[in-house]
Amino acid sequence: MNIQMKEHWNKIYASKEVSRLGWYEEIPTSSIKLLSHCNINKDEPILDIGSGSTTLIDYLIKQRFKNIIAVDISAIALKKLRQRLGKEKASLIKWIIDDITQPVQIQKLHDIAIWHDRALFHFLLEDSQREMYLFTLKKVVKKGGYVIIAVFSLRGAKKCSGLSIKNYDQNMLAEFLGEGFKLLEYFDYTYYMPLGDSRPYTYTLFRREK
């Protein structure tokens with residue numbers, strides 16, 4: 001695990017209330033929109049990469065999905081999410097502290113029906129990091145499974161939380177995933193931070209071909 005990156009995100013999540021963080025969404029509308037287009041059963045596994053303290057987990061529980069996996073490099077982020085959910089709801093989730101660029105626990109997963117990533121992938125600046133991300137995705141996502149990736153768009157910010165990022169459009173993401181993944185839907189979405197600043201995103205939905 002990248003200890004420097006782990007400490008960075010632990011510090012970020014420890015410094016503010018979750019609702020004051022620059023990426024907080026009270027209702028993750030765009031992710032919900034794409035999830036609604038994924039044809040899976042309620043007991044199939046959904047993997048949320050870079051969960052942080054996302055409210056998406058609340059939505060998935062409310063929709064009665066029974067196999068939800070939350071992954072983040074920050075133990076503090078996941079602790080805050082567990083506390084907000086409460087003991088009963090938190091017990092419904094599989095919690096994993098891991099680094100997608102040096103994965104250990106993630107690679108033990110299999111038959112993932114939905115891989116969901118909002119705003120993690122664009123932090124991977126090195127080819128080796130992106131290669132490991134793709135290798136892991138292909139290892140754990142089942143044939144016929146779905147991949148949702150949301151990133152800062154080409155007209156979006158160049159940094160986030162003090163870190164540089166790489167901007168994308170849907171074609172760049174399709175090229176990254178390569179043959180075997182069909183782009184089903186994409187759209188641009190402007191997110192407004194708690195302090196009012198805008199952050200243009202690109203949201204994409206892919207299906208892994210059988």
Side-chain angles (χ1 to χ4, degrees), residues 13 18-19 21 23-100 103-121 133-134 136-151 173 177 181-187 189 191 201-210:
Y13 277 97
V18 169
S19 62
L21 293 169
W23 51 92
Y24 173 77
E25 290 183 300
E26 184 175 355
I27 302 175
T29 307
S30 296
S31 292
I32 290 171
K33 176 182 177 181
L34 294 180
L35 281 163
S36 70
H37 297 165
C38 299
N39 183 27
I40 72 167
N41 296 322
K42 296 292 186 180
D43 60 350
E44 292 188 89
I46 299 175
L47 175 61
D48 188 33
I49 293 288
S51 289
S53 295
T54 179
T55 55
L56 180 66
I57 301 298
D58 305 63
Y59 167 81
L60 294 173
I61 293 173
K62 186 176 181 180
Q63 295 299 309
R64 301 185 182 280
F65 286 101
K66 300 175 182 178
N67 198 341
I68 307 165
I69 306 163
V71 177
D72 203 275
I73 196 172
S74 170
I76 293 176
L78 295 183
K79 180 181 179 180
K80 287 192 171 186
L81 177 51
R82 288 197 303 269
Q83 289 173 339
R84 189 187 75 242
L85 290 173
K87 187 175 181 180
E88 182 178 353
K89 290 182 179 178
S91 68
L92 303 174
I93 310 302
K94 180 179 178 65
W95 304 95
I96 296 177
I97 300 170
D98 207 354
D99 178 357
I100 189 61
V104 177
Q105 298 302 318
I106 302 171
Q107 290 206 11
K108 297 177 182 179
L109 302 174
H110 56 86
D111 293 327
I112 297 298
I114 299 177
W115 171 292
H116 176 268
D117 169 4
R118 176 185 180 261
L120 184 155
F121 181 64
Y133 181 103
L134 183 59
T136 305
L137 185 155
K138 288 181 174 179
K139 184 174 182 179
V140 305
V141 175
K142 71 174 188 175
K143 298 292 180 66
Y146 298 89
V147 176
I148 296 171
I149 301 179
V151 289
L173 291 174
L177 290 176
F181 291 87
K182 182 179 180 180
L183 179 61
L184 300 180
E185 186 174 352
Y186 68 90
F187 55 84
Y189 172 74
Y191 164 73
Y201 277 79
T202 293
Y203 275 75
T204 58
L205 170 64
F206 295 86
R207 184 180 63 234
R208 188 171 194 184
E209 300 292 75
K210 295 182 179 180

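The shown structure was predicted, so the numbers you read here are calculated from the model rather than taken from an experiment.
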> If every non-hydrogen atom of Leu177 is compared with every non-hydrogen atom of Lys138, which pair is closest and at what distance?
Replying inline: O-CE, 4.0 Å

> Would one find more than 12 heavy atoms of other residues, nucleotides or ligands at under 6.0 Å from atom NZ of Lys80?
Replying inline: yes

> For Asp48, which residues count as a side-chain contact (heavy atoms from CB on, under 4.5 Å) partner, sequence neighbours excluded?
Replying inline: Ser51, Thr54, Leu56, Ile57, His116

> Between atom CG of Leu173 and atom CD1 of Ile149, what is the distance when rounded to the nearest 0.5 Å?
Replying inline: 5.5 Å

>> Show the nearest heavy-atom pair for residues Glu25 and Thr55, with the distance to one decimal.
In response: O-OG1, 2.7 Å

> By side-chain contact (heavy atoms from CB on, under 4.5 Å), which residues pair with Tyr186, not counting sequence neighbours?
Replying inline: Gln170, Leu183, Thr204

> Nearest 0.5 Å, what's the CD1-CG distance between Ile100 and Leu134?
Replying inline: 10.0 Å

>> Pair Gln63, Leu35 - check side chain to side chain contact (heavy atoms under 4.5 Å, CB included), show working.
In response: CA-CA 11 Å; Gln63 295 299 309; Leu35 281 163; over 6 Å; no

>> More than 12 heavy atoms of other residues, nucleotides or ligands under 6.0 Å from CG of Asn39: yes or no?
In response: no

>> I need the full list of salt bridge (Lys or Arg N to Asp or Glu O under 4.0 Å) pairs touching residues 56-72, with sequence neighbours left out, sorted by first then second residue.
In response: Asp58-Arg84

> Does NZ or CZ of Lys33 come closer than 6.0 Å to the centre of the six-membered ring of Phe187, within 45° of the ring's axis?
Replying inline: yes

> If you measure from CG on Leu78 to OG on Ser53, what distance do you get to the nearest 0.5 Å?
Replying inline: 7.0 Å

> For Tyr13, what residues pass the ring-ring contact (aromatic ring centres under 6.0 Å, His included) criterion, not counting sequence neighbours?
Replying inline: Trp23

>> Under the rule for ring-ring contact (aromatic ring centres under 6.0 Å, His included), what residues qualify as partners of Tyr59, not counting sequence neighbours?
In response: none

> Could you give the distance from CD1 (Ile46) to CG (Asp43), rounded to the nearest 0.5 Å?
Replying inline: 10.5 Å

> Please, which pairs that meet side-chain hydrogen bond (donor to acceptor under 3.5 Å, both in side chains) have at least one residue in residues 142-151, sequence neighbours excluded?
Replying inline: Glu44-Lys142

>> I'd like to know whether Leu109 forms a side chain to side chain contact (heavy atoms under 4.5 Å, CB included) with Ile96, so could you lay out the CA-CA distance, the side-chain angles of the two residues, the decisive distance to 0.1 Å, and finally the verdict.
In response: CA-CA 11 Å; Leu109 302 174; Ile96 296 177; 4.2 Å; yes

> Does Asn67 have any side-chain contact (heavy atoms from CB on, under 4.5 Å) partners at least two apart in sequence or in another chain, and if so, which?
Replying inline: Pro45, Ile69

> To the nearest 0.5 Å, how far apart are NZ in Lys139 and CD1 in Ile112?
Replying inline: 12.5 Å

>> Could you go through Leu205 and His37, starting from their C-alpha distance and side-chain angles, then the distance that decides it, and tell me whether this counts as side chain to side chain contact (heavy atoms under 4.5 Å, CB included)?
In response: CA-CA 9 Å; Leu205 170 64; His37 297 165; 4.0 Å; yes

>> Taking salt bridge (charged side-chain N to carboxylate O under 4.0 Å, His left out) as the definition, give me every residue that meets it alongside Arg207, ordered by chain and number, with sequence neighbours left out.
In response: Glu209

> At their closest point, which heavy atom of Cys38 faces which heavy atom of Ile114, and how far apart are they?
Replying inline: CB-CD1, 3.7 Å

>> Applying side chain to side chain contact (heavy atoms under 4.5 Å, CB included) to Trp115 and Arg208, what does each step give before you reach the verdict?
In response: CA-CA 11 Å; Trp115 171 292; Arg208 188 171 194 184; over 6 Å; no

> What pairs with Phe121 under ring-ring contact (aromatic ring centres under 6.0 Å, His included), at least two apart in sequence or on another chain?
Replying inline: Tyr133, Tyr168, Phe176

>> List the residues meeting side-chain contact (heavy atoms from CB on, under 4.5 Å) with Pro103, not counting sequence neighbours, and say none if there are none.
In response: Asp98, Ile106, Gln107, Met132, Thr136

Identify each donor-acceptor pair in which a side-chain atom of residues 85-93 lies under 3.5 Å from a protein atom, sequence neighbours left out, and give them as a table.
from	atom 1	to	atom 2	distance (Å)
Ser91	OG	Glu88	O	2.5

> What are the two closest non-hydrogen atoms of Tyr203 and Leu34, and how far apart are they?
Replying inline: CB-CD1, 4.0 Å

> Do any pairs count as a salt bridge (Lys or Arg N to Asp or Glu O under 4.0 Å) and have a residue in residues 105-116, sequence neighbours left out, and if so which ones?
Replying inline: none

